[in-house]
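Here the structure comes first, spelled out in structure tokens, and everything after it is commentary.
Hydrogens, waters and symmetry mates play no part in the numbers below; they use all other heavy atoms, side chains included. The first residue of the sequence shown is numbered 1, and numbering continues consecutively from there. As the structure lists them, so they are numbered: ligands from 1, and atoms in each ligand from 1.
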Amino acid sequence: MSGPVVTNPFALAWLERGELPPLPTGHFIDGRFQPPAAGQMMDSFDPGFGRTIAAFAAGDAEDVDRAVTSAQAGFAVWRKSTPGERHGVLSRMAEAVRRNHALLAMVDSLDSGKSMAEAEGDVSGTARLFDYYAGVALTIQGSQIPLGNDLVSMTFREPVGVTAHIVPWNYPTGTFARSIAACLAAGCSAVVKPAETTPFTALIMAQMLVECGLPHGVVNVVTGTGTAAGGPLTEHRAVRHVTFTGSVNTGIRVAQVAARNIASLTLELGGKSPLIALSDCDPVAVAEGALWGIFSNAGQVCSAGSRLVIARNRHDDVVSRLLKLTEALSVGHGLRGCDISAINSPQQLARIAAHVDAARARGRNVLTGGGTGADTAHDTGWFYRPTLIDDLPANDPSVLEEIFGPVLAIQIVDSDEEALAVANSTDFGLMAGIYSRDITRALAMARDLDSGQVTINDYWAGGIAVPFGGRRNSGYGREKGKEGIDAFLSTKAVTIRLTPPPAG
Ligand code: NAD
């Protein structure tokens, strides 16, 4: 079997003996685990073996209502907390995440299917997010507006209230952390609905927050399906802000529901992000950047570089390197550290396969991959081989539609103008990468790209201090960075008359 030596003790216990670490089974409401009101449970799966891990609570509207009531009580306490108290909880949480790194990384990898390296990176990022927003909690302040001698006005930046967080399955730990850390720094309370295939790290982290001193009720987690639990949560009249991360279609539905309650909304949706290799690019750097741009987390990344838009003079060199690197990747169970880990669900695997089969049927040039299965029969779960599809026209569904799997669509261009037009030609606007030896040329293109973020000469360049979000079908609002706190704050202006009002 391929992949690095397994050192994580929880991973070893599962792989060798089928033993699990203790996993929570109820919702987390009012500071403790509680059984679902209707007593219904559902199963979570290990995508690497395609077999059941454990049962968790299948929530419904009654559970959501209990959680929102708890969050209302939590808000009444937390909104009055001092910046120092918020800083303290978030800093302690960062340390708690570090102490529990092995457990969180294993559960994250096991539940989502992602490779252990990816999960470890996400847990480390989660600790840094709590550190970062611990700092931001100390910096929230309003302003003073001069209005002449008679009046003075000032603004208070106040928490918006109870917030809802709908989290997808591809980064269950980091996505929970980025919205919850900012929400708590602002003084809001929360009800989180993790994806139905990845419920566990949100439950574990909610309990850790209480152990770090967060008052009961401030963070609640209701597990279950999008329809039975997510719907009632986003529809709840007491929810003042919704942070939704997921697909475009669900995002549209959530936006319609939030509009009825005039709740504010952050939408982090899908992407079809281009990695643009200009005619003066370094072919070695592009091949490496494109490889991990698309194949990180088996392509199940909203900001994956799922299109390579490449100058014709560099195409053969880059694509032959990329082909070699792709064919050397290991495909297998994430806990064993394989390069291409499992696809999160059989439904998602079927969607990916259908996309590539349709491209083949259209006569497209599938250079490698294009099939299911891991390297060894031992890994019986849901795998898709890393796939390259070459020389696609700009109107091909493979370059327009999000596949959300390890499939790279390659488009050849003859000028910077064509590269820009092709890059901007989908409905999405999440991310773009540019590779060029000429920074002026790259910057000129960066200014014209219609996307929320652009990286130059390193597709994944960035960090938690860099705001993240989309344009057009990729959504709106920003998470991470100082801007990540804005969604959770509302400005109140208070104006004082200093002299008696004018007579009459
Ligand atoms: P999805 O929209 O099906 O599900 C996302 C979440 O929404 C899940 O928790 C689900 O239970 C919930 N949900 C489903 N129906 C709902 C409803 N009616 N009301 C409320 N909640 C509901 O998305 P998915 O297929 O699970 O996730 C993959 C998608 O997420 C991809 O399109 C990807 O690009 C996107 N994504 C975006 C980002 C980002 O930051 N922009 C990050 C990760 C994933």
Does a side chain donor of either Thr243 or Ser179 reach within less than 3.5 Å of an acceptor in the other side chain?
-> no
At under 4.0 Å between heavy atoms, what of Tyr171 touches ligand 1? The answer is neither
Identify the protein heavy atom lying closest to atom 6 (C) of ligand 1, giving its residue, its atom name and the separation to 0.1 Å.
-> Ile166 CG2, 3.5 Å
Is the closest side-chain donor-acceptor distance between His27 and Asn220 under 3.5 Å?
-> no
If you scan protein heavy atoms around atom 32 (O) of ligand 1, the nearest is Glu402 OE1, 2.7 Å
Among non-hydrogen protein atoms, atom 37 (C) of ligand 1 lies closest to Leu269 O, 2.9 Å
From Lys272, Gln348, Glu196, Lys480 - option closest to atom 10 (C) of ligand 1 by heavy atom | Glu196
How close does the nearest protein non-hydrogen atom get to atom 9 (O) of ligand 1, and which residue and atom is it?
-> Val167 O, 2.8 Å
Is there a nitrogen or oxygen of Pro168 sitting under 3.5 Å from a nitrogen or oxygen of ligand 1?
-> no
From Asp108 atom CG to Asp122 atom CG, the distance as rounded to the nearest 0.5 Å = 5.5 Å
So, does Gly231 sit close enough to ligand 1 that a heavy atom of it is under 4.0 Å from the ligand?
-> yes
Within-cut-off N or O pair, Arg178 and ligand 1, under 3.5 Å | yes
Quick one: sort the Phe49 and Trp14 rings into parallel, tilted or perpendicular, breaks at 30° and 60°.
-> tilted
Got the closest protein heavy atom to atom 18 (N) of ligand 1, with its distance?
-> Arg253 NH1, 3.7 Å
If we number the atoms of ligand 1 from 1 as shown, the ones under 4.0 Å from a heavy atom of Phe244 are 2 (O), 7 (O)
Please test Ser112 against Asn344 for side-chain hydrogen bond (donor to acceptor under 3.5 Å, both in side chains), starting from the C-alpha separation and ending with a verdict.
-> CA-CA 6 Å; Ser112 67; Asn344 180 250; 5.5 Å; no
Residue pairs meeting salt bridge (Lys or Arg N to Asp or Glu O under 4.0 Å), one or both in residues 32-50, sequence neighbours left out, come to none
Ligand 1 atoms in contact with Asn170 (distance to a heavy atom under 4.0 Å) = 43 (C), 44 (C)
So, is the end of the Lys114 side chain (NZ or CZ) under 6.0 Å from the ring centre of Tyr171 and within 45° of the ring's axis?
-> yes
For Glu211, does the CD atom sit with more than 12 other heavy atoms under 6.0 Å from it, leaving out its own atoms?
-> yes
Filtering Gly230, Pro194, Ser247 for the heavy atom nearest atom 23 (O) of ligand 1 leaves Ser247
Without hydrogens or angle criteria, can the side chains of Arg362 and Ser398 be said to hold a donor-acceptor pair below 3.5 Å?
-> yes
Would you say the side chains of Arg253 and Gln256 form a donor-acceptor pair under 3.5 Å?
-> no
Only heavy atoms count here, so choose which of Pro172, Gly271, Ala229, Gly226 is nearest to atom 17 (C) of ligand 1.
-> Gly226
Sorted by chain and residue number, the salt bridge (charged side-chain N to carboxylate O under 4.0 Å, His left out) partners of Asp131 (sequence neighbours excluded) come out as Arg98
Give the residue and atom name of whichever protein heavy atom lies nearest to atom 24 (P) of ligand 1, and the separation in Å to one decimal.
-> Trp169 NE1, 3.4 Å
How close does the nearest protein non-hydrogen atom get to atom 16 (C) of ligand 1, and which residue and atom is it?
-> Thr250 CG2, 3.3 Å
State the atoms of ligand 1, each with its element, that fall below the 4.0 Å cut-off from a heavy-atom position in Lys193.
-> 9 (O), 10 (C), 11 (O)
What protein heavy atom sits nearest atom 5 (C) of ligand 1, and how far away is it?
-> Thr245 O, 3.7 Å
Determine yes or no for a side-chain-to-main-chain donor-acceptor pair under 3.5 angstrom, with Arg472 supplying the side chain and Phe428 the backbone.
-> yes
Between Met431 and ligand 1, find which residue part has any heavy-atom pair under 4.0 Å and reply side chain, backbone, both or neither.
-> neither
